[in-house]
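Structure record follows, encoded as structure tokens.
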Amino acid sequence: QVHLEESGGGSVQAGGSLRLSCVYSRYTYKKKCVGWYRQAPGKEREGVAAIEDDGGSTAYADSVKGRFTISQDNAKNEVYLQMNALKPEDTAMYYCAARLSSCGLYPLRVYGDNYWGQGTQVTVSS
């Protein structure tokens, strides 16, 4: 089991920045892939960024490349998502998720065995 809790969401104007944090429980020492996903009203949940917890390799959705950065602090069991140059289309509920395996070939896919946080709302106004 992995418990995750997000924080850092809020409302900003277009062009602004936010930093999301995800604290996860350390009930297991297995390899983990930790990612950020988002879901806007009426849309499917989509992967935004992911990071391997034992090597730091990362993956990003094309829509956020160059604007978002995922990072981690393994000593604190935290993963972060720095979001810059935010756009109104970034408005969504953002979720942190963990999978007890490597990120693999499709790190941003929504997997049935993901563990999820409760989400944090990000609203970007034009």
Please report the closest heavy-atom contact between Ala59 and Pro107, naming both atoms and the distance.
CB-CG, 3.4 Å
Between Gln72 (side chain) and Glu52 (backbone), is there a donor-acceptor pair under 3.5 Å?
yes
Under 4.5 Å between any side-chain heavy atoms of Thr69 and Tyr60, yes or no?
yes
Gap separating the CG atom of Leu86 from the OG atom of Ser11, nearest 0.5 angstrom
11.0 Å
Do you know which of Arg38, Gln39, Glu6, Gln121 makes side-chain hydrogen bond (donor to acceptor under 3.5 Å, both in side chains) with Tyr94?
Arg38
So Val124 and Lys87, do their side chains get closer than 4.5 Å, heavy atoms only?
no
Non-hydrogen atoms of Ser17 and Ala85 that approach each other most closely
OG-N, 4.3 Å
Determine, step by step, whether Leu4 and Tyr95 satisfy the side-chain contact (heavy atoms from CB on, under 4.5 Å) criterion, reporting the C-alpha distance in whole Å, the side-chain angles of both residues, the deciding distance to 0.1 Å, and the verdict.
CA-CA 9 Å; Leu4 306 105; Tyr95 298 90; over 6 Å; no
Minimum heavy-atom separation for Gly9 to Val122, with atom names?
CA-CG2, 4.2 Å
Should we count OH of Tyr106 as having more than 12 external heavy atoms under 6.0 Å?
no
Of all the heavy-atom pairs spanning Tyr37 and Ala97, show the shortest one and how long it is.
CE1-CB, 3.7 Å
Please answer whether the main-chain N or O of Cys96 pairs with a side-chain N or O of Tyr115 as donor and acceptor at a distance below 3.5 Å.
no
Is any side-chain N of the basic residue among Lys65 and Asp62 closer than 4.0 Å to the acidic one's carboxylate O?
yes
Do the side chains of Leu81 and Val34 join up, straight or via other hydrophobic residues, at under 4.5 Å, putting them in one cluster?
yes
Does Thr91 offer a backbone N or O that forms a donor-acceptor pair with the side chain of Thr123 under 3.5 Å?
no
Does the Arg67 side chain pair with the main chain of Ser63, one donor and one acceptor, at a distance under 3.5 Å?
yes
Sub-4.5 Å side-chain heavy-atom contact between Val2 and Leu100
yes
Locate the shortest heavy-atom distance separating Ser126 from Ala14; write the atom from each residue and the value.
CA-CB, 4.3 Å
Honestly curious: do Val23 and Val79 fall in one hydrophobic cluster under the side-chain, below-4.5 Å linking rule?
no
Test item: Trp116 and Val110 side chains (from C-beta on) under 4.5 Å apart, heavy atoms:
yes
Is any side-chain heavy atom of Leu18 less than 4.5 Å from a side-chain heavy atom of Phe68?
no
Using a 4.5 Å cut-off on heavy atoms from C-beta on, say whether the side chain of Thr120 contacts that of Ser7.
no
Asp53 side chain to Asn74 backbone, donor-acceptor under 3.5 Å:
no
Evaluate the criterion side-chain contact (heavy atoms from CB on, under 4.5 Å) for residue pair Glu46 and Leu108; output intermediate values, then yes/no.
CA-CA 7 Å; Glu46 62 173 354; Leu108 303 182; over 6 Å; no
Check this for me: Gln13, atom CD, are more than 12 non-hydrogen atoms of other residues, nucleotides or ligands nearer than 6.0 Å?
no
Do the side-chain N and O atoms of Tyr80 and Glu78 include a donor-acceptor pair separated by under 3.5 angstrom?
yes
Do Val64 and Met83 have side chains that approach each other closer than 4.5 Å (heavy atoms only, starting at C-beta)?
no
How many angstroms lie between atom NE2 of His3 and atom CG of Asn77, to the nearest 0.5 angstrom?
12.0 Å
To the nearest 0.5 Å, tell me how far Ile70 CD1 sits from Gln82 CD.
12.0 Å
